[in-house]
Amino acid sequence: MAAALAALSCSSVLAQQGIDYSKLEIKTTDLGQGVYLLNWQGGDSLFLVGDDGVLLVDTSVAQMGAKIKAAIARVSPKPIRLVINTHAHADHFGANELMAQGGAVIVGHDKLRARMEKGQYLAAFNQTIPPSPPAALPTVTYADAMTIHFGGETVELIHVPRAHTDNDTLVRFKRANVIHASGTIGGNGGYPFFDMSSGGSLDGTIAAEEKMLSLSDEMTRIVPDEDAPASTADLRASRDALVTIKARVQKLIDEGKSEAEAIAAKPTRDLDARWAPRGGFLSGDVITRMAYQSIKGYVAPARQ
Ligand SMILES: [Zn+2]
């Protein structure tokens with residue numbers, strides 16, 4: 001079960017199997033103004049401590065729910081009142097039910113609720129995410145944007161269409177100057193993953209990064225799926241890399257190259273040292289294939 005769920009997470013973790021969640025430790029980092037980052041291994045969470053309770057962004061996998069609650073309790077004894085799910089990958093909503101049982105109201109994009117309710121098939125990993133039980137579903141959903149005023153902080157929920165998925169929410173903590181990127185920037189400094197079987201796209205990911213840049217100054221912390229927050233300079237560099245990849249793959253398509261020929265041309269060769277240095281899932285070949293398919297308007301196969 002743990003292995004199956006591990007394979008449902010978002011980025012470089014996707015390729016890993018057999019994660020023993022009982023051994024994973026959560027690292028808590030104070031980002032200032034009452035906002036804290038919880039790092040574990042993909043699907044990282046943020047929380048905000050207000051006067052009357054805690055607002056939590058993303059609930060990881062079910063196995064991590066008790067650890068997340070414990071990590072929050074070490075910072076604040078206040079109850080978790082609100083949960084925001086950034087997108088419907090299984091390492092972002094897995095402990096929703098536990099949080100709802102504790103009294104939290106769950107918030108997410110309209111399409112996130114729909115995908116959780118129906119269940120999903122992730123073609124890139126041949127993985128099925130089963131339908132979520134009603135108690136795990138968001139009870140508050142929105143279409144384009146929503147603002148939550150919580151503990152003196154202004155929390156902006158901004159939908160970016162067809163980015164990492166079709167149901168992403170960027171969560172901006174205005175006072176703390178922190179943005180949760182909902183998987184639209186790569187964890188561990190890598191290329192971002194856009195999940196085309198969940199409605200994600202290259203263009204939408206570029207647009208999401210542009211949106212975050214428009215909301216950032218040089219002090220903004222951008223939270224990816226895993227690892228330390230990225231800087232605005234990192235975000236700008238990621239956007240530039242994606243724009244470069246798009247132009248180069250488009251050129252190969254215009255020249256009539258097949259997908260295999262485009263990959264063989266190694267259009268990301270000079271970028272891989274920075275963006276794919278660790279031999280993880282998102283290699284230069286994989287980002288090239290994803291870009292090719294996204295530009296060509298790839299339609300994900302139906303659930304098997
Ligand atoms: Zn994801």
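The residues of the chain are indexed from 1 along the displayed sequence. We count ligands from 1, going down the list as the structure has it; atoms in each ligand are counted the same way.
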Report task. Identify, by name, the N, O or S atom of His87 lying closest to the Zn ion (ligand 1). Result -> NE2
Report task. Verify the cluster assignment for Trp40 and Val83: are they in a single hydrophobic cluster under the rule of side-chain heavy atoms below 4.5 Å apart? Result -> yes
Requested in this report: May I ask you to check if any N/O/S atom from His92 comes under 2.8 Å of the Zn ion (ligand 1)?
Outcome: no
**Report entry** Donor + acceptor pair across side chains of Asp195, His89 (<3.5 Å)
**Finding:** yes
**Report entry** Atom name, His89 (N, O or S, nearest to the Zn ion (ligand 1))
**Finding:** ND1
Requested in this report: Just say parallel, tilted or perpendicular for the rings of Phe193 and Phe281, cut-offs at 30° and 60°.
Outcome: perpendicular
Query raised in the report: How about Asp144: does its CG atom have over 12 heavy atoms from other parts shown lying under 6.0 Å from it?
Result: no
